[in-house]
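Given the structure is predicted, the values throughout are model-derived calculations rather than measurements. These values consider heavy atoms only, across backbone and side chains, with no hydrogens, waters or symmetry-generated copies. Both ligands and their constituent atoms are indexed starting at 1 by order of listing.
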Amino acid sequence: MSRPQPRAGVLDIQAYVPGKSKAPGVAKIFKLSSNETPLGPSPRAIEAYRHQAEHLEDYPDGAASELREAIGRAFGLDPTRIVCGAGSDDLLNLLARAYLKDGDEAIHTKHGFLVYPIATLGTGATPIIAAEKDFTADVDAILAAVTEKTKLVFLANPNNPTGTYVPFDEVKRLHRGLSSHVLLVLDAAYAEYVRANDYESGIELVATSDNVVMTRTFSKIHGLAALRLGWMYGPAHVVDAVNRIRGPFNVNAPAIAAGIAAIEDVGHQERSREHNTRWLAWLTQEIGKLGLKVTPSVANFVLIHFPTEKGRTAHDADNFLTARGLILRQVGGYKLPHALRMSVGSEEANRLVVKALGEFLGSAR
Ligand SMILES: Cc1ncc(COP(=O)(O)O)c(C=O)c1O
């Protein structure tokens, strides 16, 4: 019997599996599986969100004009070159939909963010995987993967789940190596956390080229993941294309209100960044002292590598930690079966994980 068939590629998609949020039978849990901020959102964002509860019968401003203006002020950008989305996921999918079709190719790196192959396959195009070096995107490998079918390159910078980044010089070299008809999407979801001098989120490259887009999110440093809010900055012609296909009210009013308050609360962002800088270094050092390898991260999470011997694997560690209410992220789906990703949490959570890992490895301190 015939029945409706999804387009080619859809059934090849491995559905995205979000980080766990439950530990059955454990009274207090620490969710460190989705790179959420332990400081939560700005109190001003919460207040703005609450205020919107009085007006839920009204449609939001479909153009999110005030939010785009607030983002423009914060970064010195032309608001007409900004598009807001229901999370940066929304924008990544819209970019794929606007620029990919059956038979095209989109490149992402081996341990790149899993939304890229999902967005690509959803259009009927083929995801092409470029090798990484030391868990870091490799510009030469990306350029070597380019064919005449390549239409789009996704680069998470810094990348999730590795936490590594590509210096700006290298990003520029990547851009120079791409034909002008290939769209380079710089996904800078964790940009606010990066302290490295040779890092840039991509604003300059977008401003000076016709084929680069940068995406950002309110889910990480701004602590508004529940509201689903992201934005992109791109050339006018890309902005025009995305605006034509996005949902007319893709961003909701409470998200717009909270987003404006969040982007204006620079003090809260600074506190979140400082907390992260301090505890990222501490976790890297302390977990390293236990004898586990930690990939150097510039984001708000660390990738911890485990031995492969029975009883000490990432899977065993995950069970051990989960039983104590410490929920990290398995990253087998990212071709990292021997690692766990841990968000930088509160001081209490960070200390508990290090202590528990010490016990797990039989070297309680
Ligand atoms: C690299 C990267 N890009 C984009 C996102 C999507 O963020 P959101 O859709 O919440 O804005 C994430 C979320 O984990 C991410 O890690």
**Prompt:** So which heavy atom on T120 is nearest to which on Y116, and how close?
**Reply:**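 Scanning both residues, the minimum pair turns out to be OG1-O, 2.7 Å.
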- How does D187 reach ligand 1, by side chain, by backbone, by both or by neither, if only non-hydrogen atoms under 4.0 Å count?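 Only the side chain of D187 comes within reach of ligand 1.
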Which bit of A189 gets closer than 4.0 Å to ligand 1, counting heavy atoms only: side chain, backbone, both or neither?
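Within the 4.0 Å criterion, A189 contacts ligand 1 through side-chain atoms alone.
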Find all atoms of ligand 1 within a distance of less than 4.0 Å from any non-hydrogen atom belonging to [X], and give their numbers and elements.
{"X": "S219", "answer": "8 (P), 10 (O), 11 (O)"}
{"X": "D89", "answer": "6 (C), 9 (O)"}
{"X": "T217", "answer": "7 (O), 8 (P), 10 (O), 11 (O)"}
{"X": "N160", "answer": "1 (C), 14 (O), 15 (C), 16 (O)"}

Below 4.0 Å from ligand 1: does a non-hydrogen atom of [X] turn up there or not?
{"X": "G230", "value": "no"}
{"X": "Y190", "value": "yes"}
{"X": "K220", "value": "yes"}

For residues F301 and Y190, establish whether the separation of their ring centroids is below 6.0 Å.
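Close enough - the centres of the two rings lie under 6.0 Å apart.
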**Asked** K220 and E36: salt bridge (Lys or Arg N to Asp or Glu O under 4.0 Å), yes or no, with the steps?
**Response** CA-CA 6 Å; K220 307 300 172 184; E36 294 146 343; over 6 Å; no
ask   = Does Y16, backbone or side chain, put an N or O under 3.5 Å from an N or O of ligand 1?
value =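 So ligand 1 has no N or O lying under 3.5 Å from an N or O of Y16.
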Exercise for review: Kindly confirm or rule out an N or O of S88 lying under 3.5 angstrom from an N or O of ligand 1.
Suggested key: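 For ligand 1, there is an N or O atom that lies under 3.5 Å from one belonging to S88.
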Q) Judged by modelled atom types alone, do S201 and R216 share a side-chain donor-acceptor pair under 3.5 Å? A)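 R216 and S201 do have a side-chain donor-acceptor pair below 3.5 Å.
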Query raised in the report: Does H305 have any ring pair (Phe, Tyr, Trp, His ring centres under 6.0 Å) partners at least two apart in sequence or in another chain, and if so, which?
Result: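 H305: ring pair (Phe, Tyr, Trp, His ring centres under 6.0 Å) contacts with F135.
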Test: E274 and R278 ion pair at under 4.0 Å: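 A salt bridge is absent here (no side-chain N lies under 4.0 Å from a carboxylate O).
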Is E270 atom CD crowded by more than 12 heavy atoms from other residues, nucleotides or ligands, each under 6.0 Å away?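 Yes, enclosed.
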